[in-house]
Amino acid sequence: MPPLYELENIRQVYARRVVLEIDQMVVYPGEIIGLSGPNGSGKSTLLRILAMLESPVRGRIFFSGRPANPNDLQSRRQITLLSQSPYLLKRSVLGNVSYGLKLRGITGKKEKARAALSMVGLDPQEFAGRMWYELSGGEAQRVALAARLAIRPGALLLDEPTAYLDEYSAERIRSAALYAVEKWNTALVLVSHDHAWLGSVCQRILQMHRGRLQAS
Amino acid sequence: MDYIAEGLVQALNLLLQGDPETFSAIWVTLRVSTASILASLILGIPPGFLLGHYSFAGKRAVRVIVDTLLSLPTVVIGLLVYTLVSRQGPLGEFGLLFTLPAICIGQTILGLPIVIALTASAVETLDQRLPALLSTLGADRKQMLLTTVWESRFSLLAAAVTAYGRIVSEVGISMMVGGNIKWYTRTITTAIALETNKGRFAFGIALGLVLLLIAFLINLVLNVLKKRTQV
Ligand SMILES: Nc1ncnc2c1ncn2[C@@H]1O[C@H](COP(=O)(O)OP(=O)(O)O)[C@@H](O)[C@H]1O
Ligand SMILES: [Mg+2]
């Protein structure tokens with residue numbers, strides 16, 4: 001199976017400081033990779049680069065064999081990132097979850113969005129019509145994940161997605177992410193301080209330290 | 001004190017009985033101010049959006065100029081439009097002096113900096129996570145632009161309402177380039193100014209009440225919008 005991601009000699013620099021330095025990294029479809037490490041070690045930076053939200057100052061990245069390029073909409077549309085406090089659009093829950101489908105001109109948005117809501121443990125009946133300001137933190141986070149699951153991503157990048165959540169919501173997030181891997185062979189890259197979670201689901205856990213990767 | 005109470009009663013009478021002179025001024029005001037706010041929005045939102053969205057050399061200077069124009073006195077705008085549309089002026093051939101289009105030009109100049117400045121701040125104060133969200137859900141450039149505008153809709157509406165409040169209550173422009181012609185260019189504010197001088201208090205009070213009502217509605221809308229933009 002060809003790799004989904006191939007990174008070579010990646011370096012990222014912020015304010016003249018090297019914050020990321022990765023010689024080599026490969027991610028395969030359906031793989032679950034954990035990233036852990038202290039605050040400021042570069043985990044979020046690596047995820048943003050994988051999400052094509054920013055480009056490294058040096059190095060090469062291939063996604064599905066093609067050089068990564070944020071203007072390559074077709075590739076970018078297979079990747080999605082969820083952070084610890086995501087932004088919801090000022091519209092209904094259904095509007096949020098179906099937004100990615102709408103961008104892609106996919107039909108059957110409503111049904112697909114409702115299915116994605118069910119995946120994260122939110123009853124579509126109850127939540128589809130809620131507005132963005134009518135949600136608790138845990139519900140908002142799950143809506144945000146549903147919006148990303150709705151587009152059936154090839155790569156799902158989760159940056160401390162359960163950081164601010166209670167155990168119930170966190171468990172919903174964790175199981176929905178696994179479901180995507182089983183169902184669509186999505187590659188999962190997880191940043192978390194929840195070592196038990198990483199230990200139980202990841203095939204590989206990469207330790208980050210001062211911008212560098214150390215396999216463990 | 002009595003004449004104030006008396007004036008109030010007469011004013012209510014004028015309004016309830018649909019006094020034609022009173023309603024002519026109200027109708028003129030609504031027509032011309034609606035045209036002016038629409039023109040301000042159409043001309044002001046695109047540059048306001050660019051000003052808030054992009055950084056470029058001289059951006060700060062442009063902001064200072066726009067902010068200065070916010071406090072442009074209406075008599076100065078009146079003077080400016082007067083010289084533009086009077087017979088010797090560059091627009092003299094159209095014979096616009098003392099017409100509604102002349103008032104409209106002036107009021108558009110009044111509303112424009114408000115719309116531009118508030119649109120720019122609306123875009124600047126959009127959540128910083130929005131671009132990343134749009135990108136990670138797969139928006140192309142055009143979709144990003146459209147959704148960004150839609151996300152700032154409450155602030156844009158608030159900008160429109162604020163500008164409208166300024167336009168509907170101004171008196172300098174309407175007086176100077178409208179000429180306060182009865183049944184034609186006489187607006188609520190110019191009518192109040194003139195008729196109060198003549199001692200027709202009831203008429204002035206009636207129109208003043210209408211203006212207050214408009215102000216009340218405007219603030220009601222702004223209040224609701226403020227709540228929406230804060231979540
Ligand atoms: N916008 C920025 N400007 C300058 N330095 C930054 C910026 N964002 C992050 N950094 C720095 O980059 C390093 C890596 O940050 P980050 O990837 O967020 O780490 P982590 O997610 O592992 O906590 C940190 O030292 C942080 O201070
Ligand atoms: Mg981080």
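Keep in mind the model is a prediction, meaning the values are calculated, not measured. In what follows, every chain begins at residue 1, and chains take the letters A, B, ... in the order their sequences are listed.
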Fill in the blank from the handout: Turns out that what part of A/S85 lies under 4.5 Å from chain B's heavy atoms comes down to both
Handout entry: Segment of A/I79 engaging chain B (4.5 angstrom heavy-atom cut-off)
Key = backbone
Practice task
Report yes if some heavy atom in the side chain of A/L178 is under 4.5 Å from a heavy atom in the side chain of A/R174; otherwise report no.
Solution key: no
Problem - Heavy atoms of other groups near A/R58 CZ, more than 12 under 6.0 Å - result: yes
Practice task
Compute whether any side-chain donor of one residue and acceptor of the other, for B/E170 and B/S174, lie under 3.5 angstrom apart.
Solution key: yes
Exercise for the section: Look at the side chain of A/R77 and the backbone N and O of A/L103, then say whether any donor-acceptor pair between them is shorter than 3.5 Å. Expected result: yes
Fill in the blank from the handout: Most heavy-atom pairs under 4.5 Å with chain B, out of A/L89, A/L88, A/L82, belong to A/L89
Problem - Among the listed options B/A132, B/S135, B/P131, the residue most often paired with chain A at heavy-atom distances under 4.5 Å - result: B/S135
Problem - Side-chain ion pair, A/K90 and B/E151, N-O less than 4.0 Å - result: no
Handout entry: Pick from B/L133, B/L137, B/D127 with the largest number of heavy-atom pairs that fall under 4.5 Å of chain A
Key = B/L137
